[in-house]
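Input: a single structure, listed below in structure tokens.
So you know, we letter chains A, B, ... as the sequences are listed, proteins then strands, and number each from 1.
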Amino acid sequence: MQTLLAAALAPVQQQYLDQARQMQALSFAVHIPLTCFGIAFPALVLFVEWLHLRTGDPLYRTLARRWSRIMVALFAVGVVTGTILSFELGMLWPGFMASFGGVFGLGFAIEGFAFFLEAIFIAIYVYGWDRLSPRAHFLSGFPIVVTGVLGAAMVIAVNGWMNHPGGFRLVNGQAVDVHPWSALFANGFFWHELVHMYFAAYIVVGFLLAGAYAVGRLRGRWGRYERTALAIPLTIAALAAPAQLLVGDWAAREVAAQQPVKLASFEGLQQTTKGAPEHLLGWYDSSTGEIKGGIEIPKLLSLLAFHDPDATVQGLDSVAPDDRPQAINVERFAFQGMVGIGTLLAALGALVLWVRWRRRRLPQSRWFFRALAAAGPLSVAALICGWVTTEVGRQPWVVYGVMRTNAAVTGAGGIPVGYATLALVYVGLGAAVWWILRRLARVPLERVEA
Amino acid sequence: MSLSTVPLLLALAGLALYAVLGGADFGAGFWQLAAGRGERGAAVREHAHDAMAPVWEANHVWLVFVLVVMWTSYPEAFASIASTLAIPLFIAAIGIIFRGTAYALRAGTSRIGELRAVDTVFGISSVLTPFALGTVVGAIAAGRVPVGNAAGGAWSSWTSGLSLAVGALAVATGAYLAAVYLAADAARRGDASLERAFRVRALVAAVVGGAAAAGGLVALHADARSLYEELVRGAGLPALVVSVVAGLGTLWLVWVRRYEAARYSAALAVAAVVVGWALAQQPELLPGLTVSQAAASRDTLIAVVVAVGAGALVLAPSLALLFTLTLRGRLGYEDGEPPAAPSVVRTLAAARTGLLARVAGACLIVAVGFLTLADAGWAHAIGVVALLACVAVGFRAAVPTDIEDAEGGP
Ligand code: HDD
Ligand code: HEM
Ligand code: HEM
């Protein structure tokens with residue numbers, strides 16, 4: 001009964017494939033930073049509430065309450081942008097859904113439940129201050145933490161599977177013999193992507209929050225409340241950022257082993273090379289396959305990918321031109337942007353930890369607080385760069401080595417109209433989020449407490 | 001009943017719940033839009049908002065649930081529907097963005113003008129979204145979604161009389177449900193004037209909703225004759241009867257002010273419409289595509305059923321908790337019990353920083369060894385655990401709980 005319909009969703013000509021891809025990428029770029037708050041923020045809020053329960057200090061309570069308001073506002077926006085993504089998968093990529101929905105859909109089904117529970121307990125938590133007993137209220141926060149992580153893990157399982165598909169056999173273009181559990185959780189990309197994303201979420205949330213209070217301090221707002229509100233997220237980000245280097249290195253080795261062509265595109269390495277170098281910046285020239293300009297660091301790519309300066313790295317020309325990613329420069333800048341920012345953030349984190357350890361305080365220079373203010377947006381940039389690295393490097397495949405993106409796309413017209421509309425809506429959404437955050441920040445401290 | 005229909009039943013249950021819960025949510029937005037000006041209008045809007053604020057996200061997830069069950073279990077059908085009906089789905093998606101954003105923004109409004117602007121956006125999108133989703137259902141019911149990648153008409157598929165009628169019906173039933181629920185909430189809170197206001201709205205909406213349903217039947221007769229026959233004579237008839245009886249019963253219950261019972265009968269009236277549609281249309285999902293032909297492989301179906309079953313075990317008590325707390329008025333921002341007078345502030349037992357820092361360092365060394373230097377999968381697992389432990393222990397060691405003395409001014 002599968003083969004009966006094999007031809008039904010035959011690939012179609014889509015003039016606007018690139019626009020469809022950009023539309024998808026735009027929607028991810030909006031959704032993913034918000035989801036970081038779903039993953040990392042609840043744990044921080046709970047930690048502060050725990051401090052309140054332990055010490056009885058009303059300051060912690062005020063802080064947790066204010067943060068929980070921000071949390072629910074961002075959650076609402078995360079929910080709607082996530083819903084757009086679920087619509088888009090079907091609207092833009094019906095070929096992909098029709099052939100493989102049965103293979104990876106399970107991940108989204110579990111994700112659906114996770115976010116369902118998250119929505120329930122966020123409501124109880126945020127609307128339950130003062131109305132539930134302190135202990136019950138505190139406990140109602142735990143499911144939020146668990147489900148946020150679980151939901152994100154499920155989505156990443158799908159992405160891992162798209163990068164390293166398994167758990168099915170292909171017969172006449174149809175997936176048969178489907179084993180959804182092993183497809184989702186036994187693929188070679190799931191674990192490093194999950195861990196890498198998890199740390200990224202703490203980095204993003206930690207630095208964004210700390211950065212907001214750093215801006216306050218530069219403007220002279222520096223009471224006990226602000227100091228606490230800055231120090232807690234900063235501490236977690238300062239620890240997560242250096243740790244992320246280890247995880248990123250792990251991710252790079254997994255990519256080298258399982259998607260050598262993606263790895264080659266990080267550098268624009270044309271030929272298979274022993275002791276491959278890496279060029280910082282520079283420009284990949286697609287006609288010659290060489291890097292113009294830039295600073296060459298000999299053997300760095302081999303070192304990064306295999307921990308061996310003389311290892312052989314497979315080049316782009318190891319596969320047919322049609323099977324190579326096209327946007328090599330996008331890929332190079334995204335990868336280097338992530339690694340560059342990641343290194344800076346790790347250095348900043350190390351500095352914070354060092355000063356804390358030796359002097360038992362925060363650094364005091366104004367430059368430190370300026371750097372913190374920049375670290376928040378930079379970590380979001382690293383996050384998006386990371387996903388661009390993963391997704392653009394996977395091209396031209398939507399399911400790596402199995403289905404091409406142009407076989408997945410919809411045959412419907414009007415993609416540019418939808419794309420333009422959605423872009424406008426997202427601009428409005430961004431403005432709205434900015435506005436609400438400023439408003440919530442301006443609510444006087446007493447009003448939250450009252 | 002074969003395995004291939006089980007997920008469809010789950011999706012239909014989700015759809016019915018979405019119609020009943022999410023529908024009321026949309027309806028609350030409708031009443032905010034139609035609240036009128038002045039103080040009275042403001043009171044109506046406030047009430048509609050407060051009653052729905054804690055539950056709207058949960059209500060909304062039913063839609064996501066329906067989508068994922070459909071695309072996992074009936075991928076071809078889902079892909080055909082989503083690609084042909086991209087326009088109304090896109091409209092619904094935009095409406096959903098506006099609704100969610102308006103919810104988030106409302107908490108930050110400080111002036112009446114801002115509040116009104118946010119409520120208006122919310123209201124308009126609360127009408128647009130169910131209408132667009134209704135046209136989608138109408139298009140499927142009318143058999144205007146052929147199997148294939150965007151194979152149906154981009155516009156003609158969802159602008160038939162039946163689609164428009166179902167769209168209108170979706171808006172009307174939402175308004176009707178919301179009015180009943182909100183009257184019940186007002187009665188529970190002992191607010192007599194709001195109770196009267198929503199009682200009248202409920203009665204009017206019941207009549208309008210009934211008329212829309214009758215209009216839907218006429219459109220069905222014109223557009224999808226065989227479906228009509230099945231509904232009024234065949235398999236769908238019992239559901240139709242239940243819906244009519246429950247609708248009339250609600251009218252009476254609202255009339256005599258028995259709102260709590262009215263909540264359930266109103267919900268039943270709406271859910272029965274969904275069931276009736278399903279019964280009348282089976283066994284075909286799309287023209288020429290039966291449910292069993294559309295179903296994904298056996299392993300997938302089993303996995304979906306297991307996942308949904310396990311999920312339901314956790315979900316049901318959680319939802320029950322949320323609704324119990326909401327119905328008892330235990331959730332809300334304002335006028336809660338004032339916090340108990342601040343007790344004595346205790347200082348946190350000083351963490352043994354030196355020891356913790358050393359443990360964190362040790363974990364880091366283990367992490368580097370197993371995650372970075374080693375290559376085997378099991379080694380990486382140990383490395384990741386060690387790295388997480390390093391961050392957690394390090395956090396406890398480094399997080400300042402004694403900021404007060406440590407920091408000077410700017
Ligand atoms: C704050 C964010 C952040 C930071 C500082 C880093 N990364 Fe990253 N990176 C991500 C956020 C991210 C991500 C969450 O956006 C990605 C996308 C897919 C994934 O698993 O994580 C990612 C992907 C990603 C990939 C592709 C994985 C794949 O295709 O499956 C590699 C090779 C790296 N990263 C390597 C690194 C290295 C060597 C870093 C060292 C500095 C680094 N990342 C810092
Ligand atoms: C890296 C990728 C992604 C991550 C980490 C992620 C994570 C999350 C998180 C944590 C939330 C909770 C909302 C919040 O806290 O703000 C969320 C919401 C949501 N996500 Fe994503 N997501 C990702 C990609 C996707 C994709 C690809 C889809 C669609 C297919 C999707 C669909 C959804 C939906 C539907 C919701 C709303 C659930 C609800 O109503 O509660 N997400 N996502
Ligand atoms: C499930 C988890 C997924 C995640 C987290 C994810 C994430 C991303 C990100 C972050 C981007 C690029 C962002 C940018 O360029 O700014 C992207 C691009 C893209 N994604 Fe995914 N994706 C996921 C699943 C999917 C799915 C299900 C599809 C559907 C076929 C898809 C198709 C694409 C396409 C076509 C692009 C554009 C690539 C390009 O421009 O070259 N992805 N994705």
> Who among A:H307, A:H192, A:R253 has the most heavy-atom pairs with chain B under 4.5 Å?
Replying inline: A:R253
>> So which atom in B:V61 and which in A:A119 form the shortest heavy-atom distance, rounded to 0.1 Å?
In response: CG2-CB, 4.4 Å
> Any idea which of B:A77, B:A307, B:S318, B:A310 has the most non-hydrogen atom pairs under 4.5 angstrom with chain A?
Replying inline: B:S318
>> Looking at B:S80, is its backbone amide N or carbonyl O close enough to the side chain of B:S83 to form a donor-acceptor pair, meaning the two atoms are under 3.5 Å apart?
In response: yes
>> Looking only at heavy atoms and a cut-off of under 4.5 Å, which of A:V247, A:V433, A:L117 has the most pairs with chain B?
In response: A:L117
> Under a 4.5 Å heavy-atom cut-off, does chain A meet the side chain of B:L301, its backbone, both or neither?
Replying inline: neither
>> So for B:I302, is it side chain, backbone, both, or neither that comes closer than 4.5 Å to the heavy atoms of chain A?
In response: neither
> In terms of heavy-atom pairs under 4.5 Å with chain B, which of A:T421, A:L92, A:L106 leads?
Replying inline: A:L106
> For B:F78, is it the side chain, the backbone, both or neither that has a heavy atom under 4.5 Å from a heavy atom of chain A?
Replying inline: side chain
> Is chain B contacted by the side chain of A:E88, its backbone, both, or neither, given a heavy-atom distance below 4.5 Å?
Replying inline: neither
> Of the backbone (N, CA, C, O) and the side chain (C-beta and beyond), which part of A:L422 lies under 4.5 Å from a heavy atom of chain B, both, or neither?
Replying inline: both
>> Can you tell me how far apart CG (B:L387) and CG (B:L364) are? Round to the nearest 0.5 Å.
In response: 7.0 Å
>> Just verifying a value: how many Å separate A:M154 CE and A:F115 CZ, rounded to the nearest 0.5 Å?
In response: 10.0 Å
> Using a cut-off of under 4.5 Å for heavy-atom pairs, which of A:Y198, A:F199, A:W191 has the most such pairs with chain B?
Replying inline: A:F199
> Sub-3.5 Å donor-acceptor pair from the side chain of A:Y60 to the main-chain atoms of A:F47, do we have one?
Replying inline: no
> Side chain, backbone, both or neither: which part of B:L67 has an atom under 4.5 Å from a heavy atom of chain A?
Replying inline: side chain
> Of the backbone (N, CA, C, O) and the side chain (C-beta and beyond), which part of B:F65 lies under 4.5 Å from a heavy atom of chain A, both, or neither?
Replying inline: side chain
> For B:M70, does its backbone N or O pair with a side-chain atom of B:S73 as donor and acceptor, under 3.5 Å?
Replying inline: no
> Side chain, backbone, both or neither: which part of A:F121 has a non-hydrogen atom closer than 4.5 Å to chain B?
Replying inline: side chain
> Taking C-beta and beyond as the side chain, do A:W222 and A:F369 meet within less than 4.5 Å on heavy atoms?
Replying inline: yes
> Does the side chain of B:H380 come under 3.5 Å of the side chain of A:W250 through a donor N or O and an acceptor N or O?
Replying inline: yes
> Taking atom CG of B:L315 and atom CD1 of A:I120, what is their separation to the nearest 0.5 Å?
Replying inline: 5.0 Å
> By a 4.5 Å heavy-atom criterion (distance strictly below it), what part of B:V391 contacts chain A: side chain, backbone, both, or neither?
Replying inline: both
